[in-house]
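Here the structure comes first, spelled out in structure tokens, and everything after it is commentary.
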Amino acid sequence: LGVGCMASFPVRDPFVFAYQWATLDFISQGRMLLAACTGIVRGGASAAEGANWGVLDKERASRLEENIELVRALWAGGKVTHEGRWRSLQDAFIEPLPVQDPCPVWIASNPFPSESQPQVWERALHRVARMADGWMTVQMFPGMFKTNWSKIEGFLAQENRDAASFPNIAYHNFSIGSDRQTCLEESKRFLDEYYGPVFSPEMVAAWTAAGSPDEVVDQLTALAHEGAKSITLRATSWHQRDQYQRLVDEILPRVRERVAEG
């Protein structure tokens, strides 16, 4: 089994993080998968998170890029001297080194296409193609995964990387029940408790496979057909054991069959 983790990556001390992650990879014998991100949203709780570390929202992207480069250099072994915009190191090294070589760094991002700021959207997706070993995302409006993945495929081609072998994961919610609207309302309450009131009902509906088993199977199959190579699922319900059992018994076998059929 693998172990995954998503970390907000405008961290103030990437040296300490590199040491901690290398230790986890060493202890787990190469079972760690890091998905680094800039944070959930601008403003609100995300801004408070950054403020506690002296990190402004406008700094997050450049810190992410520099920190990825820095931890990769530390994980490669040997002494690292680095003079960057945010960090400086002189003859720094870590031990133990990760078991994985190279230790994979995915980027988790879900930028919205923007007519007013298309360069921000494109930069976020080009960063994935240029720097990441894989992409993790969510679907916040209908067709969002397909739109962003198609853009990344184009950037991968520009970077002379093979989109067919480049991994991605859609992080998606599910709620199985007799009535789709009831499932979505419970999911909204669940996500509000988890993140705060960040996501609108429309966003929750796009991000959640909800309703009867047939509806959930249809929605997950559609996500796979939009380009999701893997799907990580979270039950947005207070009935976790029941939801998990229904997922295993009623949903996953049918989704596998449907995807295999094309």
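Computed from a prediction, not measured in an experiment: that's the story for all the values here.
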Could you tell me whether R87 and E66 have a side-chain N and a carboxylate O separated by less than 4.0 Å? no

For the residue pair F15 and Y19, is the inter-centroid distance of their aromatic rings smaller than 6.0 Å? no

What pair of heavy atoms forms the shortest contact from E226 to G143, and how long is it? OE1-CA, 3.9 Å

Exercise: identify the closest heavy-atom pair between L184 and A210: CD2-CB, 3.6 Å

Just how far is it from atom OG of S200 to atom CD of E202, taken to the nearest 0.5 Å? 4.5 Å

Return yes when atom CZ of F141 has more than 12 non-hydrogen atoms of other residues, nucleotides or ligands closer than 6.0 Å, and no otherwise. yes

Say you draw a straight line from CD of Q219 to CG of N173; how long is it, rounded to the nearest 0.5 Å? 11.5 Å

Please determine if D25 and R31 form a salt bridge, counting it only when a charged side-chain N lies under 4.0 Å from a carboxylate O. no

How long is the gap from NZ on K229 to CH2 on W149, to the nearest 0.5 Å? 4.5 Å

Pair F190 and W238, ring centroids less than 6.0 Å apart: yes

What are the two closest heavy atoms between G30 and V99, and how far apart are they? N-CB, 3.7 Å

Please check if any side-chain donor atom of T221 sits under 3.5 Å from a side-chain acceptor atom of D218, or the reverse. no

Here's a test for you: under side chain to side chain contact (heavy atoms under 4.5 Å, CB included), which of E153, R161, E159 qualifies with F166? R161

So which atom in R254 and which in D214 form the shortest heavy-atom distance, rounded to 0.1 Å? NH2-OD1, 2.6 Å

Could you check whether E185 pairs with R180 (Lys NZ or Arg NE/NH1/NH2 to Asp/Glu carboxylate O, under 4.0 Å)? no

Does a sphere of radius 6.0 Å around CZ in F26 hold more than 12 heavy atoms from other residues, nucleotides or ligands, not counting ones at 6.0 Å or beyond? no

Strictly distance-based, threshold 3.5 Å: is any side-chain N or O of W75 a donor or acceptor partner for the main-chain N or O of A18? yes

Compute the ring centroids of W121 and F112, then answer whether they are less than 6.0 Å apart. no

Taking all heavy atoms of E83 and all of S88, pick out the closest pair and write down the distance. OE1-OG, 2.9 Å

Is there a donor-acceptor contact under 3.5 Å from the side chain of S150 to the main chain of T147? no

So which heavy atom on F145 is nearest to which on L223, and how close? CB-CD1, 4.1 Å

